[in-house]
Structure formats: C-alpha cells, structure tokens
Amino acid sequence: MTMISVKSLKKFANNKFLVFSCILFLIIALSTVTAYSISARQINLSFIEQQLSIASETIRLRLATSVDSELALVSKMADTPVIRQYFMNPSDPVLKSRANDEFVLYKEHFNNKILYWVNDVDKIFYSTGNDPYIVDPDDPDNYWYNLTLYETEKFIFNINYNPDLEQIYLWVNVPVFVKTETGKKPVGLIGTGINLTDFSDFVVSSYHKFDKNITTYMFNKYNEITSAVDYTLVENKVRLDEHLGETGKELIRVARELSGGESQNFIYDKKMYLVSSIPAMEWYMSVSYPVPGLLSLNQAMNTVFFSMLVLIFFMFIVINIFVARSENAMAKRNLQLLEANKKAEFASRAKSDFLAKMSHEIRTPMNAITGMAELLLRGELSSEARGYARDIKQAGNNLVSIINDILDLSKIEAGKLEIVPVKYMLSSLINDTVNIIRTRFTEKPIRFFTNIDGNIPNSLIGDEVRIRQILLNLLSNAVKYTEKGHIGLTITMDKQDDKQVLLRMDVADTGKGIKPEHQVKLFDEFVRVDMKKNQGIEGTGLGLPITKRLCAAMDGKLSMESEYGKGSVFTVIIPQGIESKVPFAVVEEPERKKVLVYEGRAVYAKSICWTLENLAVPYTVVTNQNDFAEALYRAEWFYVFSGYGLYEKIKPLMGEGNPAFCGEKKPRLALMVEWGTEAYIPNVRFVSIPIQSLSIANTLNGKADRRDYFESSDVIRHTFPNARLLIVDDIATNLKVAEGLLSPYKIKVDTCLTGVEGIELVKRNKYDLIFMDHMMPEMDGIEATAVIRAWEKEFACQQIPIIALTANAVVGMREMFIENDFNDFISKPIDVSKLDEILNRWIPAEKRANNNEQQDKPPGNDTYSSLPVIPHVDTAKGVAMLRGKLDTYKRVLSMFCKDIDERLPQLQIMPEEDTLPTFIIQIHSLKSVSASIGAQELSSNAAGLEAAGKAADMAFIREHLPDFTVQLAELEENIRAAIT
Ligand code: ADP
C-alpha cells in the first residue's frame with residue numbers, strides 16, 4: 001500500500017505542473033483567508049472604537065450632569081439670604097435654626113445626601129450638620145479651603161480619599177460672599193461630596209465589559225489623576241505624566257487641545273487611546289486599549305501580503321525558468337532527434353544511393369549475359385545446350401527485373417522518386433497498359449475485361465508513367481497468381497469537382513487469394529506469402545510495397561480485399577487533375593440506340609452490359625442461338641453486338657432484306673473481338689474487347705475507330721491539280737501509303753524522311769499543305785514545325801497549314817497539336833474520309849477542281865481473289881485502306897520490306913537508358929506502318945513494346961523484343977515471297 005502511495009505521490013510530484021498549480025492555489029487561498037481575517041479584525045477594531053466612544057460619552061455626560069446639578073444646588077444655597085445672614089452671625093440662634101432648616105431641606109436634594117458648611121471663617125471649622133470638623137488652613141491637605149475662599153470666585157473641586165471607607169469623594173466647594181463697601185467678602189463656604197469611587201468603578205466596569213485590557217484614567221486640569229483602578233494614585237494625587245511618562249504627556253497634550261465636551265482618539269505606542277473632556281469639572285478622561293495584537297496582526301498581514309507578492313513573483317520567475325528550461329530541453333531533444341533523423345536519413349540515402357548505383361552497374365553486365373544467351377539461342381545448339389541457354393536467359397531476365405524493383409525502391413527511399421505531373425490521355429494510358437499486359441495472358445485460360453466509366457474526363461493531369469507502373473504491377477500479380485477464370489480492370493470515379501477527379505481503379509482476379517493472416521504483411525518489403533502454393537512463380541516481394549509507396553507519393557492509397565482460394569481485389573484510389581472535362585466515352589442520344597448483345601462468354605457479356613449501362617444505352621443480352629433469333633426479330637435494334645466466334649452462326653439470320661426484321665430494318669452488326677485480332681469482314685464493325693468503352697461509343701455514334709473499310713472510302717469530290725504538298729515521315733512505307741492515298745487528288749507530292757530535310761524543302765518550295773509526322777528521331781514533328789513557324793515569322797511569310805500525322809489517335813491530341821502551332825491532325829493509318837476532309841479544308845479553294853472522273857469502286861470479288869496471301873497479314877484490310885488499290889498496296893508492301901531491312905539491325909540491339917527514346921520512336925513507327933499493311937498482330941506487339949518503352953519497363957522489352965524482331969524478320973520474308 002505504502003509503496004503504491006509513495007509511488008503515486010512521486011508520480012504526482014513528478015507532474016510539476018500539478019505541483020505548481022497546487023502551490024498557486026494555496027497562495028490564493030491563503031491570501032483570501034488573510035484578507036478576510038484582516039477585514040474582520042478591522043471591523044472589530046472600529047466596532048470597539050465606536051463602543052469606547054459611546055461608553056466614554058455616556059460616562060462623561062453622567063458625571064457632568066451630576067456635577068452640574070450638585071454644583072447648581074450648592075451655588076443656589078450659597079446665594080440664599082438666610083444662609084448668608086447666618087454665616088455673618090453664626091452665634092445668632094434664630095438665624096442658626098432657620099439656616100439649619102434650610103440645610104435639611106437642601107440636603108434632601110443632594111445626590112449623596114452629603115452637605116457641609118463652614119460658617120465661621122475665622123474659627124475655621126465646618127459642619128455636615130452633625131459633628132463639626134476643624135479645618136487647619138496650614139495643612140496642605142486643606143489647600144482646597146484656601147483656594148475656595150480666596151482664589152476662586154465661584155467654586156472649586158477637590159478630591160479626597162477616605163482610607164477607612166476606601167472611597168474617593170469629589171468635593172464641590174462654593175464660597176458664600178457678602179457685599180461690603182470694599183467689595184465682596186467671604187464669610188464661609190458650602191460644599192457637597194460626590195462619591196467618585198462608585199463612579200470610577202462604574203467607568204472601569206463599563207469598559208471591562210468589553211475587554212479586561214481597557215484602562216481608564218481621569219485627571220484634572222492640574223494633571224492629577226482623579227480616577228483610576230489603583231486608588232493610591234488618586235490618594236497621592238499622582239500626576240498622569242509622572243505615572244504614565246511619555247504616554248501621560250501625550251494624553252495631556254491631546255487633552256489640552258480639546259475644547260469643552262470634545263473627544264479624540266489616537267494610537268500611541270501600541271495602544272488605542274480615547275481622550276474626552278468633562279467641562280463641568282475641567283476634568284479629562286482617558287481610555288486606552290492595547291492593540292499590539294491588532295497592530296502586529298496588521299504588520300503580520302502586511303508581511304504576509306508582501307511575502308505573498310514576493311512569493312508570487314518568485315513563483316513566476318521559477319515557472320518561467322522551468323518553462324524555459326523544459327523548452328530548452330525539448331528544443332535540445334528535438335535537435336538531437338533531428339540530427340539522429342538526419343543521420344538515419346543520410347544512412348538510408350547512402351544505402352539507397354549504393355543500391356541505385358549497384359543495380360545500375362549490375363544491369364550492364366546483365367545485358368551482356370542475356371544478350372549473349374539470346375545469341376546462343378539463335379545459333380546451332382544441342383538440345384541440352386539450348387536448355388541451358390534458355391535457363392540463363394530466363395534467370396538473367398528475372399534478375400534484371402528484381403534489380404529494377406530494387407532500383408525503384410531505393411529511389412523511393414532516397415526521396416529521388418519524383419512525381420512528374422503531365423497532361424495525359426486516360427485512353428492512351430489504358431491502351432498502353434492493356435497492350436503490355438495482354439502478352440502475359442497467352443498461356444493461361446484467363447479472360448480479361450475492362451470496365452471503364454465513360455464519364456471520366458479523358459484529358460487528365462498526373463504522373464502517367466507511375467500510374468501505368470501501378471496498374472502493371474497489380475495486373476501482372478493478378479496474372480501471376482491466377483490460373484483460370486478472369487481478371488478485370490475497373491476504373492470509375494469516386495468524386496469529381498472542377499479541378500480534380502478521384503479515380504478508383506480495381507484490379508480483380510479469380511486467383512489463389514490471400515489468407516487473412518498474410519494480408520497484413522503484404523505491403524512490407526521482400527515479403528512473399530503462401531510460398532508452398534506459389535512455388536515456381538517468380539517474384540521478389542517488392543511489387544506491392546513499391547506500388548503502395550507510389551500511390552502514397554501521389555496522395556493516393558492502395559487497399560486490398562481477398563478471399564483465400566477465391567480471388568483478390570486490389571483497389572487504388574488516386575486524385576488526378578482535370579485538364580479538360582471532355583469525357584472518355586459518350587454515346588449521343590443513347591436512348592435511341594437499343595443494342596442486342598449476343599455473347600456466350602459470360603464474363604465478356606457482363607462487362608459489355610456494364611459498359612452499355614454506363615453509357616446509358618438500352619440493351620438486351622442473350623447467350624444462346626435460340627434466344628438470339630427470337631430477340632433479333634422481336635424489336636427494332638440499332639445495333640447487334642455479337643461475339644466474333646458467333647458470326648458464322650448469326651450470319652444467316654442477319655441476311656439483307658429479311659422481312660422478319662421489325663420494320664424491315666436490318667440492324668447493323670458489330671463483332672466483339674478479343675485484342676483486335678479479327679480478320680476483315682465487309683460491312684461489319686468491330687468492337688475491341690477488352691477496352692470496349694470507347695469502341696462501343698464510336699460504333700454507336702457512327703464514328704470511325706476501326707475501319708469500316710469500304711464504307712468509309714468516301715467519294716472524292718475534288719482534285720487539287722495545282723496544289724503542292726509535302727509529307728515528312730521517317731518511315732518510307734508511310735510515305736508510300738500517303739502517296740498512294742493522295743494520288744487520286746492529282747496533287748504534286750514531295751516527300752522526305754527527316755524534319756531537317758522538311759525544313760529545307762519548305763524554305764525552297766512553296767507548299768499549300770504539309771503533313772508532318774509527330775515522332776521522328778533527331779528532330780520530331782513538333783520541333784520541325786516550330787522551326788518552320790519561326791522562319792515564316794522572320795520572313796513575314798504566310799503560314800502554311802501543317803497537319804500532324806500521328807499513330808497516337810487519342811482524344812485530346814488535336815488540342816496538343818494546335819497548341820504547338822499545327823493546324824490539324826490526322827491519325828495513322830490514314831482514314832481516307834478524314835484525309836478528304838482535311839484536303840478540302842486546308843488547300844485554298846482556288847486550287848480546287850471538281851472531280852469528274854469515275855469514282856473508285858469498292859474492290860470486287862476479283863480483287864479479293866487476286867490478293868496476295870501472307871501469313872499474319874490481313875491483306876484485304878491493307879488493300880481496303882488504300883482505297884482498294886492492289887498496285888499501290890503491293891508498292892507499299894515492298895517499301896515496308898525495305899523499311900524493315902533498314903530497321904531490323906537497330907532493333908536487334910537491346911535499348912539502353914539513353915537509346916530508349918529512339919527505340920520508342922522506331923517501334924512506334926512500326927506499330928502504325930504494320931497496321932497500315934494489315935499486319936495487326938505485329939502492330940499490337942509493337943504497341944506493347946512501345947508502351948513498355950514509355951514505362952521504361954526494360955524487363956518486358958528484354959523479354960519480348962527478341963521474339964518481335966524474329967517475327968519482323970519472318971514477316972519480311974513472307975512478304976517478299978508473296979510479292980515477287
Ligand atoms: P511478388 O509478386 O514479386 O512476390 P508482390 O509484392 O507483388 O511481390 O506480392 C507479394 C505477395 O503477395 C506475393 O508473393 C503473393 O503471394 C501475394 N499476392 C500479390 N498479388 C496477389 C494476387 N493478385 N493474388 C494472390 N496473391 C497475391
């Protein structure tokens with residue numbers, strides 16, 4: 001118990017602030033009590049003062065009244081003719097008897113019934129009516145007698161002490177005069193006595209009622225004490241100043257200043273005095289009350305107050321010092337912490353720097369190792385050696401990807417990871433991500449779908465590269481840890497205001513799932529869980545921590561839900577700036593565009609329905625042939641969306657002019673294809689799964705995204721025989737394609753392969769229009785345009801319309817080009833209707849002529865039968881894109897081979913950090929050029945590599961580039977074989 005209380009007391013004392021507040025409280029309490037008792041004592045004191053003065057006044061009045069009345073009686077007697085005559089003739093018996101009667105009569109009225117007279121001056125004796133007393137005038141005791149007779153005209157008082165009775169009397173003596181010729185002559189005196197002992201006792205007892213310490217004195221004008229507790233003082237006529245010394249002198253001094261009936265109080269030498277005058281007797285009364293207690297209390301209080309002030313001041317200083325010291329201590333501690341922190345940061349940065357350097361250093365030889373392994377694999381090897389070489393390559397690639405992760409992590413830790421917000425297109429971000437990830441789906445029976453909210457603004461501001469990295473990490477984990485089922489990427493908005501949108505990106509899989517006890521540690525570095533089940537799956541345990549930190553660096557967060565054995569959902573919520581509010585995908589008048597969806601693959605059907613619902617398009621979904629046939633004729637459909645594989649089945653039902661269609665209106669048909677791997681089918685649109693939002697919106701809005709080949713080959717309205725046009729593109733194939741497409745317009749076309757050459761040509765010739773490729777090595781289209789615009793300004797030339805050529809046909813591109821002084825843009829592969837529109841718009845009207853020539857007809861079956869057959873190339877599509885001109889197509893194909901010849905050696909060298917930008921440009925060109933000849937597969941593989949290049953995903957490039965170059969070489973061979 002004691003231990004506890006001591007402990008708690010210590011704890012209490014440790015709480016310095018509490019102690020200080022207690023002390024402060026005590027001080028305040030003490031001062032309150034003190035102030036209270038002081039004021040109580042003060043009230044008490046003034047009460048005593050008041051009581052003293054009332055009592056003194058009463059006494060004074062009482063004495064004065066009795067003295068006055070006795071004196072009046074005596075004076076009256078002395079003035080009586082009978083008495084006067086008797087005193088003149090004391091021996092006359094008649095007079096004596098008459099005088100006696102008079103005395104008896106008067107005596108009755110005196111207070112003490114005492115009356116004496118001296119009726120024979122010469123004989124000097126006096127009588128009280130009974131025994132006569134002899135007065136000896138020489139006795140100093142009888143001085144009153146002589147005084148009364150000879151010195152005082154009216155009366156004189158004297159005091160007598162009777163030792164036998166122990167009483168003091170005040171005698172009032174009045175002379176009796178008779179008139180003579182010479183004046184007045186005393187013949188005797190009459191007197192009465194007032195018992196002063198009783199009076200003094202009364203006075204003393206009145207005061208003692210208040211306090212035993214009260215002392216009273218009375219003294220006469222000779223300063224003799226006339227009343228006191230000690231009778232000897234009165235008896236011996238001791239003077240007040242003799243008895244009380246300096247105090248007596250002070251009392252006398254004050255008494256002298258009083259006029260009749262006044263009183264005054266004062267404090268002298270630790271006592272309170274009240275001095276009053278009794279004018280009737282010319283006496284004074286002094287009452288004293290010792291106030292040392294009060295005074296010392298006062299002083300003590302003053303001392304207490306003063307000490308309290310000092311204490312408060314002291315406390316104030318102590319508290320201040322304490323606060324200052326604790327602040328100092330805190331500041332010191334903070335400084336120490338800061339320093340420790342700095343040291344830790346320095347150490348961590350040193351570690352991260354070291355890791356960064358090391359990983360960089362390791363990556364270079366790793367390149368050599370994987371490169372050499374690749375070379376070995378290309379050569380002649382025994383199967384055993386080939387196996388080893390493959391293992392070396394695989395292990396090397398894995399090591400490089402681990403190193404990349406470590407590099408990322410060390411960058412994050414060293415604070416070197418910069419989030420670089422740029423304008424970007426959500427559509428191209430999704431495109432690139434899906435293009436990369438699709439290559440990982442090849443070996444597993446997994447369906448992949450995306451649900452993208454069409455209302456999300458497409459043009460956003462954020463770190464596109466890092467967001468892509470986050471999505472790729474999560475998606476590749478989903479692929480790694482899922483054996484079958486599906487994986488879905490859903491992007492929606494949690495919140496949106498004018499400037500920001502809160503993107504919610506879910507990556508859901510039907511994979512292994514994660515046990516609850518493992519979920520908590522997943523985001524720690526180098527943690528891999530459930531290793532038994534995940535055996536054989538490569539990984540470092542760095543993907544999720546990196547992803548989490550990237551999210552945090554962008555003010556976002558990463559969370560996860562998972563059910564073991566069923567699957568996981570990883571959710572990223574991240575704010576992104578809004579560059580423009582134009583939504584990602586919108587369907588115009590959606591309510592009028594009813595869609596019948598026929599899709600047997602449940603996951604895709606669900607995803608398509610999600611998208612249609614999101615776009616507010618009414619739809620019905622059927623999953624089998626009978627339901628489809630029934631639904632098809634039941635209502636009027638704007639479009640039928642069918643799975644690509646079902647085309648043969650539905651073809652008979654969708655026949656032209658079928659009267660069974662509601663209102664005899666045949667709905668349009670769009671086939672839903674995975675990864676855009678479709679072949680060409682006339683009059684059929686294609687909706688690309690998994691990124692279907694934009695594709696569906698375009699289809700329903702009647703806009704082109706994929707080509708409706710022959711439908712879009714619009715009529716050529718005008719030709720421009722006098723116009724001159726320049727095309728700048730680093731790929732000769734593209735130039736050939738463009739030339740081919742432009743030939744019907746009869747324009748004079750110049751071409752060149754670099755921006756620099758383009759500028760030179762502009763300076764030399766007068767062009768009406770320039771088509772400028774965007775991405776070119778050395779000087780890109782934007783730079784070249786800037787130079788041309790500056791030159792035009794310098795020489796005050798009219799601006800030539802410059803149209804950007806780009807393979808990045810995403811929303812928002814137009815704005816970007818216009819900002820960079822382009823006039824418009826056209827995407828590659830070139831859409832002829834768009835080309836026609838651009839020519840009509842930008843070439844001056846005076847250079848325009850009406851086209852009277854026969855329009856190009858869609859190629860007939862003949863054309864198709866004579867189409868070259870090239871593996872992996874949709875030649876029909878290629879020809880269609882060139883307005884069905886087989887000749888042009890063949891020329892384009894041979895140009896393509898030449899291009900590949902030139903580029904292949906460059907692509908066979910693995911890009912380094914510094915050569916990456918050139919690599920991206922090369923691969924980007926190949927993407928568009930292969931799409932324009934109909935080599936869709938190659939084009940999408942190039943797209944995957946381009947996206948990986950943009951995300952600096954070297955591991956991906958290293959893994960896929962060799963296959964790509966082989967594919968490219970094969971394609972070249974196949975094309976050559978087909979066209980020669
Ligand atoms: P790595 O995949 O390189 O091992 P990560 O940090 O990306 O490292 O993931 C850590 C662990 O989390 C993985 O080893 C795996 O066990 C688990 N994991 C991550 N994603 C999933 C998923 N989608 N499904 C099941 N398990 C997962």
Side-chain angles (χ1 to χ4, degrees), residues 355 359 394-413 417 433-434 436-438 440-441 443-450 466-491 504-553 556-572 603 690 951 953-956 958-959:
L355 278 176
S359 359
Q394 184 61 37
N397 283 340
N398 290 344
L399 187 56
V400 170
S401 96
I402 293 171
I403 288 166
N404 281 342
D405 278 352
I406 293 177
L407 191 64
D408 257 350
L409 198 72
S410 55
K411 265 191 197 159
I412 295 174
E413 280 188 347
L417 177 99
T433 310
V434 171
I436 294 180
I437 208 67
R438 57 175 284 195
R440 309 209 174 157
F441 279 90
E443 298 108 36
K444 292 180 179 177
I446 304 173
R447 297 211 187 284
F448 179 57
F449 64 89
T450 66
R466 293 301 175 185
I467 293 182
R468 189 165 34 223
Q469 190 178 355
I470 289 172
L471 286 178
L472 282 174
N473 274 354
L474 296 179
L475 284 168
S476 63
N477 270 357
V479 179
K480 274 199 297 188
Y481 301 106
T482 305
E483 287 312 314
K484 58 179 194 302
H486 55 83
I487 291 172
L489 168 66
T490 305
I491 305 183
R504 167 188 276 269
M505 307 193 264
D506 289 310
V507 175
D509 65 53
T510 53
K512 299 179 196 302
I514 303 154
K515 288 179 184 163
E517 65 267 29
H518 290 156
Q519 293 181 8
V520 275
K521 49 184 183 181
L522 274 191
F523 300 107
D524 294 340
E525 291 141 34
F526 301 105
V527 170
R528 309 198 66 216
V529 297
D530 210 9
M531 290 308 291
K532 222 160 136 196
K533 260 204 166 177
N534 293 343
Q535 239 173 18
I537 302 177
E538 298 285 350
T540 53
L542 283 174
L544 289 179
I546 290 176
T547 308
K548 184 150 185 139
R549 285 170 203 208
L550 287 177
C551 287
K557 56 180 185 203
L558 169 66
S559 58
M560 176 219 27
E561 271 178 33
S562 181
E563 199 177 329
Y564 192 56
K566 288 208 168 155
S568 321
V569 183
F570 284 82
T571 302
V572 174
V603 172
D953 185 350
M954 302 306 277
F956 182 93
R958 211 158 282 123
E959 197 181 332

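Sequential numbering from 1 along the given sequence is applied to the chain's residues. Whatever order the structure lists them in is the order used to number ligands and atoms, beginning at 1.
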### Query
For His486 and Phe449, what are the C-alpha separation, side-chain angles and deciding distance, and is it a ring-ring contact (aromatic ring centres under 6.0 Å, His included)?
CA-CA 8 Å; His486 55 83; Phe449 64 89; 5.7 Å; yes

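With sequence neighbours excluded, no residue forms a side-chain hydrogen bond (donor to acceptor under 3.5 Å, both in side chains) with Thr510.
Residue-level proximity to ligand 1 for Asp509 is carried by the side chain, the only part with a heavy atom below 4.0 angstrom. At a heavy-atom cutoff of 4.0 Å, ligand 1 is contacted by the side chain of Lys480 but not by its backbone.
Atom 26 (N) of ligand 1 has Ile514 CG1, 3.4 Å as its closest protein atom, hydrogens excluded (heavy atom only). For atom 17 (C) of ligand 1, the nearest protein heavy atom (residue, atom name, distance) is Leu522 CD2, 3.9 Å. Atom 4 (O) of ligand 1 has Arg528 NE, 2.5 Å as its closest protein atom, hydrogens excluded (heavy atom only). Of the protein's non-hydrogen atoms, the one nearest atom 21 (C) of ligand 1 is Tyr481 CD1, 3.5 Å. Of the protein's heavy atoms, Val527 O, 3.4 Å lies nearest to atom 10 (C) of ligand 1. Closest protein heavy atom to atom 3 (O) of ligand 1: Thr540 N, 2.8 Å.
By the 3.5 Å distance cut-off applied to N or O atoms, Gly541 is counted among the residues near ligand 1. Looking at Leu544 next to ligand 1, an N or O pair under 3.5 Å apart turns up. Below 3.5 Å of separation, one finds no N or O of Phe570 facing any N or O of ligand 1. The shortest N/O to N/O separation between Lys512 and ligand 1 does not fall below 3.5 Å.
Remark: Lys515 NZ is packed, more than 12 non-hydrogen atoms of other residues, nucleotides or ligands lying under 6.0 Å away.
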